[in-house]
*Asks:* 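Here you go, one structure.
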Number of protein chains: 2
Amino acid sequence: MATLHDVAKAAGVSPMTVSNVLNKHPHVRAETRERVLKAIDDLGYRVNVAARNLRAGRTNTIGFAVPEVDRPYFAQLAARVIAKAQDAGYRVVIEQTGADRENELSAIVSSRTRMYDGLILSAVGLGTADRDLLTTDVPMVILGESVFDSPVDHIALPNEDGTYAATMHLIDRGCRRIAMVEGDDVSRLSVTSLRHAGYRRALAERGIEPDPALVVELHELSSESGRLAAHGLVDGGRGVDGVVCITDTVALGVIRGLADRGVSVPGDVKVVGFDDILEARYSVPSLTTIDPDHDEVARLAVDLLLARLADAPDWQPREHVTGFRVVARESTG
Amino acid sequence: MATLHDVAKAAGVSPMTVSNVLNKHPHVRAETRERVLKAIDDLGYRVNVAARNLRAGRTNTIGFAVPEVDRPYFAQLAARVIAKAQDAGYRVVIEQTGADRENELSAIVSSRTRMYDGLILSAVGLGTADRDLLTTDVPMVILGESVFDSPVDHIALPNEDGTYAATMHLIDRGCRRIAMVEGDDVSRLSVTSLRHAGYRRALAERGIEPDPALVVELHELSSESGRLAAHGLVDGGRGVDGVVCITDTVALGVIRGLADRGVSVPGDVKVVGFDDILEARYSVPSLTTIDPDHDEVARLAVDLLLARLADAPDWQPREHVTGFRVVARESTG
DNA sequence: CTGAAAGCGCTTACAG
DNA sequence: CTGAAAGCGCTTACAG
């Protein structure tokens, strides 16, 4: 395979001039550039990225670590992050962590290893105890969960306020026996804890007694888990008339599970999700949900990372909480 | 940042010994290994992947180029490819091509550029004319579309036979006015052409006159396009009683569009998709579809690539067509 | 079981 | 506008 040296020889110039042409540096005579480009074409030369990265000390790549690439929320967020990063001349590599603490740490290590210039980490498995591990030398942005007092930039979703609004929405539509289908990580500041708090706050504010029998904890935030949760709620005969779901993917499973039992949505039970994934618009009934402004999340994540990469000297880690809105659709109609 | 040389100095050994420890080569005395590992830990050393790749001449990474990372079919396939590749010690980088010919070629170029040891390309924009461009020096597997007589390994979906079976399934359930919602690339051997052929073959075999007014071509294979197509079919008053959809994502939009018009599925109109994405199981009604055996696709793609990487001397490009089965669910019940 | 030397293919100061 | 030299941080034969 041809190297930059071969091209230089063929074009009768120095390797450095070839490098200048490749990197679009200005001070190359037009005629020289033409000669070099022709030689590149003739030899079918392609730059060796490993060599370039080694020498340049950076990779022009940012890592995006998510629990699962095939969960719509992450896939759709990834598409936006890729688009934003591309605009800034960066490539994005998606890492799958499996919501596992070990793998999330290993994504951090990957970036230490200089495969990436920076990392966007959708943290699920990390906890407050991992705080020190985040004191990394590589620019990093944590997404979606609050690692308390973390020493890196952090973008939080409006977990509590969003779920509060979702629950209020159900109460306003007449629901009184409102179930919450959530995750099983109830540690402080987990997504489940925060969203649960929003649910409880709404109930309290409207004087509705919380009933522990209406709270279902899922080990996996999948549609299948949601469906089984719905079966349990119906079969338990608890008179449920509304369900707050921790994610849209779970909510779509809940709707399916209610259909399995012949329970009509929104007639008998109203359902609300969280995320506003694309699928929420096309389900039957379409899903009422909390839109946490994905575009802002993606934009902010990339912008914060780029700011860090630009090496702001007086950089201070910041915490951002995105806005949200309730998107009312048929499932609470 | 500490380098391998720093570790060597700290441990009192040569760089090569450190390298041997890092790469788990056997002939290192246990005691020496311990000393090296301690030095690595003390210094917080991480290998520089760019340097390793440059020297080793490979990256242990395979590229997976898909039209859109956020389309469920590709996201779910990517998850499987990642899992299979991981088992074999490879990382996977997902590239988004946007179903654009230029970008698909640039994914090929990326692999020429040695970012990847091999490439799995989900071809949509490539055509027969690009045949020569595929004569690449980098191992490659083409997925999902038939680039006629391509000089690389190729895994085709059962496009024609699968759609034939889907159409027969509708006919067997009593449908006679069967629409087909497909893409707008009607060039020879495109996904649309192949699936359309299966649809036509089934109609012909059962003596049903094909009606061009029942064929809808979509520019984008999205749920939104599917929904609009359904509106058009209903509003056109063409007496449709069945719809064959080119993908599940389109089919879910069609079901939604029929619901918009108060048309009941499967009562008034039966709907069948293609892909068996996860969402097909949870929609209301659940979606009858063609399962093209994703696991086999992912396994085959990775296996073929690994075989090529292993440098089989008498390698010949092969074409594989995966099996399929009709998964009957409520939408044709 | 361990080491000294060479080199993978680029780019970065430094000259001219 | 162009070049000669050095070096990024590893691993690969080759010795011993």
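In what follows, chains carry the letters A, B, and so on, assigned in the order in which the sequence lines appear, proteins first and then strands, with residues in each chain numbered from 1.
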*Asks:* From the 5' end of DNA chain C to its 3' end, which nucleotides mark the outer limits of contact with chain A, defined by a 4.0 Å heavy-atom distance cut-off (strictly under)?
*Replies:* C/dG9 to C/dA13

*Asks:* Any carboxylate oxygen within less than 4.0 angstrom of a Lys/Arg side-chain nitrogen, looking at B/R299 and B/D295?
*Replies:* no

*Asks:* Could you provide the dot-bracket string of DNA chain D, using ( ) for intrastrand pairs, [ ] for crossing pairs and | for bases paired to another strand, with Watson-Crick or G-U pairs below 3.5 Å?
*Replies:* |||.||||||||.|||

*Asks:* What contact category does A/V49 fall into here, base, sugar-phosphate, or nothing, at under 4.0 angstrom with non-hydrogen atoms?
*Replies:* nothing

*Asks:* Which heavy atom in A/I62 sits nearest to a heavy atom in A/Y90, and how many Å separate them?
*Replies:* CG2-CD2, 3.8 Å

*Asks:* For A/L54 and for A/R58, find the nucleotide of DNA chain C with the closest heavy atom, then tell me which residue's nucleotide is more 5'.
*Replies:* A/L54

*Asks:* Decide yes or no for B/I94 and B/I82: does some side-chain heavy atom of the first lie under 4.5 Å from some side-chain heavy atom of the second?
*Replies:* yes

*Asks:* Which residue in the set A/L306, A/L309, A/V152 passes side chain to side chain contact (heavy atoms under 4.5 Å, CB included) when paired with A/P139?
*Replies:* A/L309

*Asks:* For B/N23, which contact category applies under a 4.0 Å heavy-atom criterion: base, sugar-phosphate, or nothing?
*Replies:* sugar-phosphate

*Asks:* Yes or no on side-chain contact (heavy atoms from CB on, under 4.5 Å) for B/R71 and B/L221, after CA distance, side-chain angles and deciding distance?
*Replies:* CA-CA 9 Å; B/R71 213 143 75 193; B/L221 301 185; 4.3 Å; yes

*Asks:* For the pair A/T322 (side chain) and A/D293 (backbone), establish whether a donor and an acceptor sit closer than 3.5 Å, ignoring hydrogens and angles.
*Replies:* no

*Asks:* Output side-chain donor-acceptor pairs under 3.5 Å for residues 40-51 of chain A, partner residues at least two apart or in another chain, one line each.
*Replies:*
residue: A/D42; atom: OD2; partner: A/K38; partner atom: NZ; Å: 2.7
residue: A/N48; atom: OD1; partner: A/A50; partner atom: N; Å: 2.9
residue: A/N48; atom: OD1; partner: A/A51; partner atom: N; Å: 3.1

*Asks:* Under 4.0 Å, heavy atoms only, any strand: does B/N53 hit a base, just the sugar-phosphate, or nothing?
*Replies:* nothing

*Asks:* Let me spell it out: for each of B/A51 and B/T17, pick the nucleotide of DNA chain C with the closest heavy atom. Which residue's pick is nearer the 5' end?
*Replies:* B/T17

*Asks:* Taking B/T97 for the side chain and B/V66 for the main chain, is one N or O donor matched with an acceptor at less than 3.5 Å?
*Replies:* yes

